[in-house]
2 protein chains.
Amino acid sequence: MAHADVIGAAEDRVFAALASPVRREVLRMLRDQGPQPVAEMAGHFDMARPSFSEHLRVLREAGLVSERKVGRRRYYRLEAVPLHEVQEWLNPFERYWRERLAGLRDVLDSLPDDPEGASS
Amino acid sequence: MAHADVIGAAEDRVFAALASPVRREVLRMLRDQGPQPVAEMAGHFDMARPSFSEHLRVLREAGLVSERKVGRRRYYRLEAVPLHEVQEWLNPFERYWRERLAGLRDVLDSLPDDPEGASS
DNA sequence: TGGACAGGTAGGAAATTTCCTACCTATAGT
DNA sequence: ACTATAGGTAGGAAATTTCCTACCTGTCCA
């Protein structure tokens with residue numbers, strides 16, 4: 001069935017989009033500061049404008065952002081629903097890291113106090 | 001401070017590791033079927049052995065799997081804690097997709113019933 | 001109507017990823 | 001010791017990603 005392939009391809013694009021630190025930072029900026037035009041975001045990155053445009057294209061094709069034209073600006077906006085799909089992918093793993101974190105906490109609790117952090 | 005860079009680099013490696021459908025599938029297999037030797041997992045992929053080894057290396061360097069030698073086999077095991085860090089990255093976005101999903105549900109509720117799903 | 005500005009596309013170089021074949025190492029069994 | 005098996009490393013081709021400079025389009029404003 002082709003439907004599952006399309007879903008799968010969409011999932012691939014979302015995970016691939018998140019693989020870049022630049023693109024994750026863009027999502028964070030849109031989350032914390034709301035919709036913004038390109039120049040506002042691009043100013044935070046040491047990168048030529050077309051390179052930044054390319055990152056926006058990857059985010060757009062993953063469905064993670066949308067754009068709205070206002071005059072000669074394009075406001076980009078966070079579209080968070082695909083991130084929900086990522087979380088759903090993660091959910092079945094949760095019990096495994098909870099086990100591990102619980103085990104780690106037990107070990108730490110059994111160590112002598114060391115408020116200064118003597119590691120190194 | 002170098003520490004944050006190291007943390008950042010670790011986060012990068014985890015997200016980059018998740019970008020491959022093959023590697024996500026490996027994590028799922030280790031989750032659902034427990035620790036397994038390489039051949040058992042590799043059999044599910046149409047890929048030469050060294051290519052699969054390379055995927056395992058990426059997962060190892062991201063801290064997402066560990067290996068334990070038993071005879072001449074190496075059992076790989078899921079290490080889920082880095083996935084917890086992914087979930088923590090995702091958490092601050094949750095309220096945005098919840099808004100969206102709630103909005104979508106309202107729209108769907110306002111549509112006439114269509115049990116057969118008429119979308120082609 | 002002519003800049004100037006926002007932001008995209010085109011085309012290409014360099015780096016990285018993904019896959020391969022060939023080969024090496026370590027362990028098990030005879 | 002010899003051979004087979006598990007799985008890694010080496011080296012390289014092809015595809016993809018990431019960045020660049022140059023240029024184009026659309027909108028605003030004088």
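Throughout, a chain's letter reflects where its sequence line sits, starting with A, and its residues are numbered from 1.
Across all strands, B:Tyr76 comes closer than 4.0 Å only to sugar-phosphate atoms, never to a base (heavy-atom distances). Using a 4.0 Å heavy-atom distance criterion, B:Ala48 is classed as a base contact.
In this structure, B:Arg49 and B:Ala42 approach most closely via the heavy-atom pair NE-CB, 3.8 Å. When all heavy atoms of A:Val65 and A:Arg60 are compared, the closest pair comes out as CG2-N, 3.7 Å. For the residue pair A:Gln87 and B:Asn91, the shortest heavy atom distance occurs at NE2-OD1, 4.2 Å.
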Let me have a per-nucleotide readout for nucleotides 22-27 of chain D, 5' to 3', with B, S or -, counting only protein heavy atoms under 4.0 Å. B---BB
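Atom CG in A:Leu18 sits about 14 Å away from atom P in D:dT17, given to the nearest Å. B:Arg57 places its CZ atom 12 Å from the C1' atom of D:dG8, with the value rounded to the nearest Å. Atoms CD (B:Glu54) and P (D:dG12) sit 16 Å apart, rounded to a whole Å. If you measure from atom OH of B:Tyr75 to atom C1' of D:dG8, you get 18 Å, rounded to the nearest angstrom. For B:Arg68 and D:dG8, the CZ to P distance is 15 Å, given to the nearest whole Å. Taking atom CD of residue A:Glu61 and atom P of nucleotide D:dT17, one finds them 10 Å apart after rounding to whole Å. Between the CZ atom of A:Arg73 and the P atom of C:dC5 there is a distance of 12 Å, given to the nearest Å. For B:Phe52 and D:dG8, the CZ to P distance is 9 Å, given to the nearest whole Å.
The phosphate of D:dT9 (OP1 or OP2) has no side-chain N or O of B:Arg49 nearer than 4.0 angstrom. At C:dC19, one or more side-chain N or O atoms of B:His55 fall inside 4.0 Å of OP1 or OP2 (strictly under the cut-off). The side chain of A:Arg23 contributes an N or O atom lying less than 4.0 Å from OP1 or OP2 of D:dT18. OP1 and OP2 of C:dT18 both lie 4.0 Å or more from every side-chain N or O belonging to B:Ser51. Phosphate contact (OP1/OP2 of C:dG8, side-chain N/O of A:Ser53, threshold under 4.0 Å): present.
The shortest side-chain heavy-atom distance between B:Arg24 and A:Asp12 falls under the 4.5 Å cut-off. A:Arg23 is not listed as a side-chain neighbour of A:Leu18, based on a closest heavy-atom distance of 4.5 Å or more. Annotation: side chain of B:Met29 is in contact with side chain of B:His44 (closest heavy-atom distance under 4.5 Å).
Side-chain proximity of B:Leu56 to the nucleotides C:dC19, D:dC19, D:dG8 is greatest for D:dG8. Closest to the side chain of A:Met47, from the set D:dG7, C:dC19, D:dC19, is D:dC19.
More than 12 non-hydrogen atoms from other residues, nucleotides or ligands lie less than 6.0 angstrom from CZ of A:Arg28.
Nearer to the 5' terminus of DNA chain D, by closest-nucleotide assignment, is the contact made by B:Arg74 (compared with the other of B:Arg74 and A:Val58).
Taking the charged nitrogens against the carboxylate oxygens, B:Glu11 and B:Arg13 have no contact shorter than 4.0 Å, which rules out a salt bridge.
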